Q: 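Here's a structure for you.
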Amino acid sequence: MIPKYEEIMLPLLRYLSDSQEHGLSEMHDTLAEQFKLKNKELRKLLPSGKQTIFQYRTTINYLKEKKPMRQKTFALIMVPVVLAMLCLTTNRSLAGASKGKIVHDAEYYILDAQNSKKWAAEDKDLDKKLSELQKKYGRPPNIIHIMWDDTAYGDIGIPAIQKVRGLETPHLNTLAEEGILFTRMYTEVGCTPSRAASVTGRLAVRSGMYNIGMLLEMHGMRGEEVTIAEVLSKAGYATAFHGKWHLGDIEESYPHNQGFDEAFFTGYNQILSLNTRVAEGANASIGLYEDMLPPDPYKLDDTFVTKGWVQIAEGKKGEKTLQWGDNSHENYMKIDPEAQRRTLEFIERNAKAGKPFFVANWPNLTSFIPNPKKCSTSRSLLQDGLQCNIDPFIGKVMDKLKELGIAENTLVIAMADNGPMTHNPPPGLGMAETIYRGGKGDFLEGGVRVPAFAWWPGVIKPSQLVGDIIHETDLFTTFARLAGATQHIPTDRVIDGIDQTALLMNGDTHSRRDYVFIYAGPRLGATVKGNYKRHWISPDPVGEASGIPAAFYFLPSDPREKTPMLVNLIHLKSPFNRMKLRHDIWKKKYPDSHEKYGIPWTGIANATPEVKALAKPKLNLKKLPFDPLEYIEHLDQLPFDPNMDPGLGN
């Protein structure tokens with residue numbers, strides 16, 4: 001008789017939770033010794049990923065008949081197939097798990113196997129509620145995503161911390177009081193990866209967008225990536241992007257070429273405010289505007305310093321792309337007000353047309369050139385930007401939704417994109433660690449745990465403090481569910497985002513995630529599971545080399561990750577290793593992509609001569625033994641520092 005699913009999994013899980021770590025070679029040796037099997041025969045019996053669950057069970061049955069087994073040996077046999085078994089709540093194969101269904105990271109299926117019945121019942125109730133809402137308002141909910149830069153958890157929404165930090169944000173705090181204040185919203189470690197994760201529902205390493213783009217990076221997100229704008233557009237939504245895109249400067253990556261109906265966007269970050277003559281004159285930028293400097297008698301290369309770029313561009317799907325304004329600091333200071341104006345106009349236009357809409361407004365927040373007119377008690381760039389730029393805009397959005405009578409059919413998510421820029425910030429920035437250690441670029445909690453809020457009057461109950469883990473990729477899948485667009489999510493790749501509709505509508509304890517994989521560039525830096533965290537870029541390299549690292553943390557008692565544990569938490573070594581192995585095995589099945597490289601700022605209809613020259617270097621090509629643009633095809637070969645210091649946030 002073939003063992004039942006529960007008969008296999010329960011003893012397996014029980015054994016694995018208590019067992020020591022066993023490598024694959026040890027399992028092969030155990031099987032070979034137990035059943036006197038040759039290596040060739042053993043390979044035939046062990047699952048390949050193409051076999052069905054029936055075949056897995058038949059294999060186990062065959063081995064059990066060949067010689068009776070103890071539970072320990074039985075569990076060892078099942079370790080190589082644990083991924084396949086746990087992927088399933090019914091008898092379907094691992095290879096077929098993605099057919100017509102969203103493919104999540106391997107860890108999700110561990111949770112699904114244990115909670116699927118409860119979640120299915122919950123989903124029926126949620127579907128009923130969403131159906132009633134759509135019937136009431138005649139359309140699915142509108143969705144607004146506002147995401148600004150580099151803010152520590154607690155700087156927004158917690159008045160006591162704000163009092164210490166010298167700022168006030170009454171509208172954002174009202175948003176929190178009338179909705180959800182998330183205490184465990186996780187993001188990626190920096191601007192570009194965070195934005196890529198939000199818009200695709202995938203960890204940035206999967207799309208290759210972990211490299212934070214700077215001036216003329218000559219890179220961008222591939223057209224093959226499917227954005228939330230593309231998913232929602234197929235469900236009849238109007239879509240718009242306004243603000244800091246920061247997902248590339250190649251034509252393929254422009255937001256209106258990535259699914260948005262309309263876009264007003266920057267290709268880079270706030271350093272654009274320093275790529276100006278004002279900054280050159282103040283020595284805030286050095287050497288970019290050579291015509292402002294004394295002639296250098298030793299200069300030989302006139303191609304080294306960048307001469308052309310686009311500060312901000314605009315476009316509509318299928319239409320021309322235009323540069324908006326020039327590259328001056330004066331023009332930079334107009335970007336956020338213009339983006340806010342466009343967002344409010346987009347909301348009103350579609351509300352009056354009776355069309356559901358999705359708009360992402362990701363503001364620049366501030367210039368790195370201090371404004372003589374101070375706004376906050378702190379006098380700093382961050383606090384002034386939050387108090388006098390972001391917060392008033394939040395108030396205008398809330399007022400506009402109420403004025404149009406659509407507030408109760410609109411979800412607003414407001415959040416930061418990552419932790420504060422605590423390493424090498426410009427003078428007067430005002431960013432600092434609060435509760436958690438670390439900042440932008442760190443896989444520590446301070447780098448990836450951010451202030452975040454959800455507001456949906458009449459649907460989200462007010463005054464909620466949510467302690468569940470949620471990740472920014474979850475917004476992608478959740479937005480699709482709310483829009484009735486889940487069927488448009490691609491099923492040929494891993495979607496890290498998990499549907500968190502239950503968390504929004506039912507509140508605390510209803511998350512479907514208890515884990516996070518945190519990447520530092522292309523390298524896995526840490527893994528979070530519940531209240532526990534394991535640093536893979538270890539603070540104890542000697543212990544790591546010997547297999548017993550002090551790299552485990554209990555976050556409630558050590559939120560600053562200052563006291564790594566060994567003996568107290570060494571029982572988590574194998575569980576975390578299993579998580580990582582499942583994650584890595586799944587990545588082999590669904591390999592990461594690379595970011596796209598190309599000539600920057602092509603397709604700009606009103607491009608300046610300097611921008612046009614980017615594609616045609618002013619060189620005598622006959623005297624060069626190579627193509628001067630050939631290097632673009634090899635930019636992905638530049639090394640990424642593999643020895644990142646996990647103690648940067650000290």
Side-chain angles (χ1 to χ4, degrees), residues 130 133-148 171 175 198-199 227-245 254-266 312-325 334-364 389-414 454-459 475-476 479-480 482-485 488 605:
L130 291 172
L133 285 170
Q134 184 158 346
K135 185 176 180 181
K136 180 178 179 180
Y137 296 106
R139 63 189 70 91
N142 310 302
I143 302 168
I144 300 173
H145 185 209
I146 300 170
M147 186 167 69
W148 60 89
H171 298 296
L175 198 79
S198 290
V199 81
T227 68
I228 187 61
E230 292 174 277
V231 171
L232 297 184
S233 291
K234 291 179 179 178
Y237 273 66
T239 60
F241 180 88
H242 303 136
K244 178 186 167 184
W245 180 239
Y254 302 164
H256 54 293
N257 293 335
Q258 290 279 356
F260 286 92
D261 295 330
E262 58 184 74
F264 179 72
F265 67 101
T266 63
I312 178 101
E314 61 181 329
K316 293 183 178 180
K317 188 185 295 182
E319 298 184 13
K320 293 179 180 179
T321 305
L322 300 171
Q323 180 169 355
W324 189 83
K334 295 176 182 177
I335 293 173
D336 275 358
E338 177 64 15
Q340 293 171 11
R341 183 196 70 77
R342 292 187 184 214
T343 293
L344 294 171
E345 188 276 331
F346 177 82
I347 290 171
E348 183 164 357
R349 177 179 6 121
N350 285 285
K352 290 181 177 178
K355 185 165 186 172
F357 61 81
F358 167 73
V359 57
N361 185 295
W362 297 350
N364 281 314
N389 182 6
I390 307 301
D391 192 66
F393 174 55
I394 293 290
K396 290 176 183 178
V397 169
M398 296 170 74
D399 289 344
K400 178 63 69 176
L401 295 174
K402 293 173 183 176
E403 172 195 323
L404 295 168
I406 59 172
E408 293 186 347
N409 195 40
T410 303
L411 168 64
V412 178
I413 299 289
W455 184 78
W456 189 353
V459 177
L475 299 177
F476 175 93
F479 291 168
L482 294 174
H488 302 304

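Computed from a prediction, not measured in an experiment: that's the story for all the values here. Here, residue 1 is the first one in the sequence, and each next residue gets the next number.
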Q: Looking at every heavy atom in both Met398 and Leu175, which two are closest together, and how far apart are they?
A: SD-CD1, 3.8 Å
Q: Can you confirm whether Ile406 sits close enough to Ile347 that some side-chain heavy atom of one is under 4.5 Å from a side-chain heavy atom of the other?
A: yes
Q: Check side-chain hydrogen bond (donor to acceptor under 3.5 Å, both in side chains) between Thr321 and all other residues, then give those that pass, not counting sequence neighbours.
A: His256
Q: Which heavy atom of Leu404 sits nearest a heavy atom of Ala351, and at what distance?
A: CD1-CB, 3.9 Å
Q: Partners of Trp456 by side-chain hydrogen bond (donor to acceptor under 3.5 Å, both in side chains), sequence neighbours excluded?
A: none
Q: Whether the side chain of Asn350 engages the backbone of Lys355 through a donor-acceptor N/O pair (distance < 3.5 Å, no angle test) should be reported.
A: no
Q: Salt bridge (charged side-chain N to carboxylate O under 4.0 Å, His left out) between Arg342 and Glu314: does it pass, once the steps are laid out?
A: CA-CA 11 Å; Arg342 292 187 184 214; Glu314 61 181 329; 2.8 Å; yes
Q: With sequence neighbours excluded, what pairs up with Glu345 under the side-chain hydrogen bond (donor to acceptor under 3.5 Å, both in side chains) test?
A: Arg349
Q: Quick one: closest heavy-atom pair of Ala414 and Ile394, and the distance?
A: CB-CD1, 4.2 Å
Q: If we only count heavy atoms from C-beta on, is the Gln258 to Phe241 side-chain gap below 4.5 Å?
A: no
Q: When the ring planes of Trp245 and Phe260 are compared, do they come out parallel, tilted or perpendicular, using 30° and 60° as the limits?
A: perpendicular
Q: Specify the closest pair of heavy atoms between Trp455 and Ala407, including all atoms of both residues, with the distance to one decimal.
A: CH2-CB, 4.1 Å
Q: So do the side chains of Val412 and Leu401 get within less than 4.5 Å of each other, counting heavy atoms only?
A: yes
Q: Taking ring-ring contact (aromatic ring centres under 6.0 Å, His included) as the test, write out the residues that go with His145, two or more places apart.
A: Trp362
Q: Using 0.5 Å steps for rounding, measure from the CD1 atom of Ile312 to the CG atom of Leu322.
A: 12.0 Å
Q: In the structure I gave you, are the side-chain heavy atoms of Asn361 and Phe346 within less than 4.5 Å of one another anywhere?
A: no
Q: Within the 4.5 Å heavy-atom criterion, are Val231 and Phe479 side-chain neighbours or not?
A: no
Q: Does Ala483 have any side chain to side chain contact (heavy atoms under 4.5 Å, CB included) partners at least two apart in sequence or in another chain, and if so, which?
A: Leu232, Tyr237, Ala485
Q: Looking only at non-hydrogen atoms, find the nearest pair between Phe264 and Ala339 and report the distance.
A: CE2-N, 3.8 Å
Q: Can you measure from CD1 (Ile228) to NE2 (His488) and round to the nearest 0.5 angstrom?
A: 11.0 Å
Q: Taking only residues two or more places apart in sequence, or in another chain, which ones meet Lys317 in a salt bridge (Lys or Arg N to Asp or Glu O under 4.0 Å)?
A: Asp261
Q: What pairs of donor and acceptor atoms, side-chain ones from residues 135-144 against any protein atom, are under 3.5 angstrom apart with sequence neighbours left out?
A:
from   : atom 1 : to     : atom 2 : distance (Å)
Tyr137 : OH     : Glu408 : OE1    : 3.2
Arg139 : NE     : Gly354 : O      : 2.9
Asn142 : OD1    : Phe357 : N      : 3.2
Asn142 : ND2    : Asn409 : O      : 3.4
Asn142 : ND2    : Thr410 : OG1    : 3.1

Q: If the condition is side-chain hydrogen bond (donor to acceptor under 3.5 Å, both in side chains), which residues does Asp336 pass it with, not counting sequence neighbours?
A: Asn389
Q: Residues in side chain to side chain contact (heavy atoms under 4.5 Å, CB included) with Lys396, at least two apart?
A: Leu344
Q: Among residues at least two apart in sequence or on other chains, which ones pass salt bridge (Lys or Arg N to Asp or Glu O under 4.0 Å) with Lys352?
A: Glu348
Q: Applying side-chain contact (heavy atoms from CB on, under 4.5 Å) to Lys244 and Met147, what does each step give before you reach the verdict?
A: CA-CA 9 Å; Lys244 178 186 167 184; Met147 186 167 69; over 6 Å; no
Q: Just to verify, what does Arg341 make a salt bridge (Lys or Arg N to Asp or Glu O under 4.0 Å) with, not counting sequence neighbours?
A: Glu338
Q: Name all residues meeting the salt bridge (Lys or Arg N to Asp or Glu O under 4.0 Å) criterion together with Glu403; count only those two or more places apart in sequence or in a different chain, and write none if there are none.
A: Lys400
